[in-house]
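Scroll down for the structure; my scribbles are underneath it.
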Amino acid sequence: MSSVRVRFAPSPTGFFHIGSARTALFNWLYARHTGGTFVLRIEDTDKERNSEQFLNVIYDSLTWLGLTWDEGPKVGGSFGPYRQSERADIYREFLAKLTAAGRTYEKDGAIWFKLLGERYEVFDDHRKKTVTKVRTAPSVIDDRIRGRVERVEDEDFVIFRSDGNPVFHFVNVVDDIAMQITHVIRGEDHLSNTSKHVELFKAFGAPVPQFAHIPLILKQNGPGKMSKRDQGALIEEYQRRGYIPEALVNFLSLLGWNPGDNREKMPIAEIVRLFDLPGVNQSNARFDDKKLAHMNMAYLLELPADAFVAKAREYFAGQTENAAARTALAADEAYFREVMLLSQPKIKGLEELPAYTVYFFTEEFPIDAKVRDKVLAKGEPKARLGELIEALPTIDFSTDTTVEDGLKQLIAAKGLGFGDYQAVARLALSGTNVGPSITGMMRVLGRDRVKARFERFLAS
RNA sequence: GUCCCCAUCGUCUAGCCCGGUCCAGGACACCACCCUUUCACGGUGAGAACCGGGGUUCGAAUCCCCGUGGGGACGCCA
């Protein structure tokens with residue numbers, strides 16, 4: 001194990017979103033790439049806005065994505081506790097050090113961090129008030145992604161609120177020191193905070209960690225960075241919609257990073273092998289759900305049969321509000337499997353499955369009126385269906401190929417084309433014009449059900 | 001307003017560090033065609049970009065400067 005220690009430090013103040021997941025992923029990737037340690041630390045110092053529900057969403061989402069942490073809540077570690085709400089003593093201790101060094105003062109009931117340098121007053125246009133500034137040397141940040149960044153930190157800031165709770169900048173730095181974090185990999189929105197953090201590290205006499213500020217993910221439509229309210233922003237939404245976590249991770253890894261060649265779909269082990277901080281882009285990336293969906297389809301397509309059926313079953317089980325899903329789940333297991341495998345090469349996402357397969361599980365499936373009119377308008381579809389019914393006893397239903405052979409014999413005998421039978425048979429069987437191959441459909445439905453549906457359609 | 005970051009097809013990006021191999025490559029999306037038993041998958045092809053202006057240089061997507069544009073920060077939120 002290398003000496004690299006990175007941390008992902010979310011605060012449970014809202015649902016877990018894409019941007020947070022990507023930050024977690026890049027930390028995780030760096031830890032795995034270097035053989036280092038990935039620490040999960042919960043920054044829950046703002047008692048007003050935290051909730052256990054959001055905390056569980058963080059655990060669930062990280063676990064679902066496969067971003068397992070080496071130290072943190074649930075798994076422990078030698079630098080715990082890993083929830084800041086449980087580290088009050090540590091913060092008091094560190095505060096005492098700062099106070100002993102003469103770097104703090106009290107104002108309005110809060111404790112402030114005192115910058116070193118000459119003080120002067122100036123009117124701040126933006127905040128519309130007079131503020132006290134300090135002449136300080138610029139903080140130099142040697143960022144592993146941005147390069148050298150200079151920023152002047154010229155105002156004292158609060159480190160303990162008047163309610164006695166420590167503030168983000170303080171706990172963040174204290175914990176990075178206490179947990180011996182070597183690399184701080186976080187969103188670029190923190191770049192301007194970094195000078196505060198550097199001043200604190202220095203005041204503590206602690207080594208400043210390596211910083212790596214990754215680009216932000218911008219919302220797909222409209223200006224600004226992606227926020228929790230945006231369409232498609234929440235990880236749990238993808239979980240609910242049956243996305244393959246590996247596909248989401250693969251997609252996320254490509255938002256701001258690439259392997260240096262044209263490859264996109266890659267196993268996670270390969271991403272881990274190639275990932276490094278200097279390879280991360282400096283510019284923000286716009287989220288593109290179409291590309292994500294495409295990646296998901298690619299993963300779905302190559303899932304082994306057992307895995308696909310298991311995923312499908314899991315997805316259906318989660319759709320408790322969906323009548324089609326409930327009905328499908330109640331069906332015979334082997335039959336369910338056949339239906340799913342027939343559909344696997346056809347769908348773009350698991351969420352299509354209940355509607356896509358509804359007619360396999362019930363006789364009460366909807367008939368698409370437009371398709372019906374279209375099919376009925378051409379040729380003599382009902383006559384063809386009658387011929388099919390006659391031929392049914394001679395068709396071998398054991399495999400797709402035998403069904404196909406049977407159909408071909410009929411077609412040859414009548415001197416017609418496949419298309420003359422396909423559309424009407426499909427309509428009678430499924431009520432629509434999209435679906436798996438007609439031969440596979442017939443085989444899975446079975447002779448009796450096929451016959452009944454053909455006859456019912458003729459009678460209608 | 002101040003400070004910081006960024007800038008290649010509509011989008012994600014390769015190329016930039018180490019100027020010439022780039023009339024700029026790949027992917028998603030879109031369009032056309034092919035495959036086909038519907039719908040997809042797949043295949044082939046088309047359209048589509050170096051933000052603008054200066055400079056350095058024999059030569060700049062690549063280096064420098066200035067604009068402009070985009071993003072972020074400026075909380076007793078994190």
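No engagement by A/Gly417 is indicated, since no non-hydrogen atom pair under 4.0 Å with the nucleic acid exists. Within the nucleic acid shown, A/Glu43 comes within 4.0 Å of sugar-phosphate atoms alone, with no base atom in reach, counting heavy atoms only. Nucleic acid contact for A/Leu216: sugar-phosphate only, since backbone atoms but no base atoms lie under 4.0 Å from a heavy atom of the residue. The residue A/Gly435 sits close to a base: some heavy atom pair falls under 4.0 Å. Counting non-hydrogen atoms under 4.0 angstrom, A/Gly256 reaches the backbone sugars and phosphates but no base. Among the heavy atoms of the strands, none lies under 4.0 Å from A/Leu407. Residue-level contact check: A/Asn172 touches neither bases nor backbone, having no heavy atom under 4.0 Å from any strand. A/Ser162 comes within contact range of at least one nucleobase, with a heavy-atom separation under 4.0 Å. Within the 4.0 angstrom heavy-atom criterion, only backbone atoms of the sugar-phosphate kind lie near A/Gln282; the bases stay farther away. If you check every strand for non-hydrogen atoms under 4.0 Å, A/Ala285 touches sugar and phosphate atoms only. A/Ser437 comes within contact range of at least one nucleobase, with a heavy-atom separation under 4.0 Å.
In 5' to 3' order, the nucleotides of RNA chain B bounding all contacts with chain A (an atom under 4.0 Å from a heavy atom) are B/rG1 to B/rA78.
If you take atom C1' in B/rG19 and the same atom in B/rA46, they sit 32 Å apart, rounded to whole Å. Rounded to whole Å, the separation between the P atoms of B/rA24 and B/rC66 comes to 31 Å. Taking atom P in both B/rG55 and B/rA48, one finds a spacing of 30 Å when rounded to whole Å. Separation of the P atoms belonging to B/rC23 and B/rC16 is 16 Å when rounded to the nearest angstrom.
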Evaluate the salt bridge (Lys or Arg N to Asp or Glu O under 4.0 Å) criterion for residues A/Lys382 and A/Glu380: first the C-alpha distance (whole Å), next the side-chain angles of each, then the deciding distance (0.1 Å), finally the verdict.
-> CA-CA 6 Å; A/Lys382 291 209 168 183; A/Glu380 295 176 77; over 6 Å; no

Please step through side-chain contact (heavy atoms from CB on, under 4.5 Å) for the pair A/Asp175 and A/Phe79, ending with a clear verdict.
-> CA-CA 9 Å; A/Asp175 285 343; A/Phe79 298 88; over 6 Å; no

Using distance only, find each side-chain donor-acceptor pair of residues 274-284 of chain A under 3.5 Å and give its atom names and separation, not counting sequence neighbours.
from     : atom 1 : to       : atom 2 : distance (Å)
A/Gln282 : NE2    : A/Ile145 : O      : 2.9
A/Asn284 : OD1    : A/Leu216 : N      : 2.9

Please output the side-chain donor-acceptor pairs of residues 370-378 of chain A that fall under 3.5 Å, not counting sequence neighbours, one pair per line with the distance.
none

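Between the side chains of A/Thr194 and A/Arg186, at least one donor-acceptor pair of N or O atoms lies under 3.5 Å.
Only one option out of A/Phe170, A/Phe204, A/Phe160, A/Phe157 pairs with A/Phe113 in a ring pair (Phe, Tyr, Trp, His ring centres under 6.0 Å); it is A/Phe157.
Summarising the geometry, atom CD belonging to A/Glu199 is positioned 10.5 Å from atom CG belonging to A/Asp156; distances are rounded to the nearest 0.5 Å. Atom CD1 of A/Ile18 sits about 4.5 Å away from atom CZ of A/Phe287, to the nearest 0.5 Å.
With a 3.5 Å ceiling on both atom-pair distances, the Watson-Crick or G-U wobble partner of B/rA7 is B/rU68. As the counterpart of B/rA73, B/rU2 is assigned, both hydrogen-bonding distances of the Watson-Crick or G-U wobble pattern falling under 3.5 Å.
Because its glycosidic torsion is within 90° of 0, B/rC41 is reported here as syn.
Taking a 4.0 Å limit (strictly below) on heavy-atom distances, residues 189-196 of chain A reaches RNA chain B at A/Asp189, A/His190, A/Leu191, A/Ser192, A/Asn193. Applying a 4.0 Å cut-off to non-hydrogen atoms, the residues of residues 149-158 of chain A that approach RNA chain B are A/Val149, A/Glu150, A/Arg151, A/Val158, listed by residue number.
Between A/Thr439 and A/Met442, every side-chain heavy-atom pair lies at or beyond the 4.5 Å cut-off. Using a 4.5 Å heavy-atom cutoff, the side chains of A/Lys291 and A/Glu264 are in contact.
Note on ring orientation: taking the six-membered ring where Trp is involved, the planes of A/His169 and A/His197 are tilted (angle from 30° to 60°).
Centroid-to-centroid, the aromatic rings of A/Phe308 and A/Tyr299 stay 6.0 Å apart or farther.
Among residues two or more places apart in sequence or in another chain, the side-chain hydrogen bond (donor to acceptor under 3.5 Å, both in side chains) test is passed with A/Asp261 by A/Arg263.
Positionally, the nearest nucleotide of RNA chain B for A/Arg146 lies more toward the 5' end than for the other of A/Arg146 and A/Pro215. Positionally, the nearest nucleotide of RNA chain B for A/Lys291 lies more toward the 5' end than for the other of A/Lys291 and A/Pro436.
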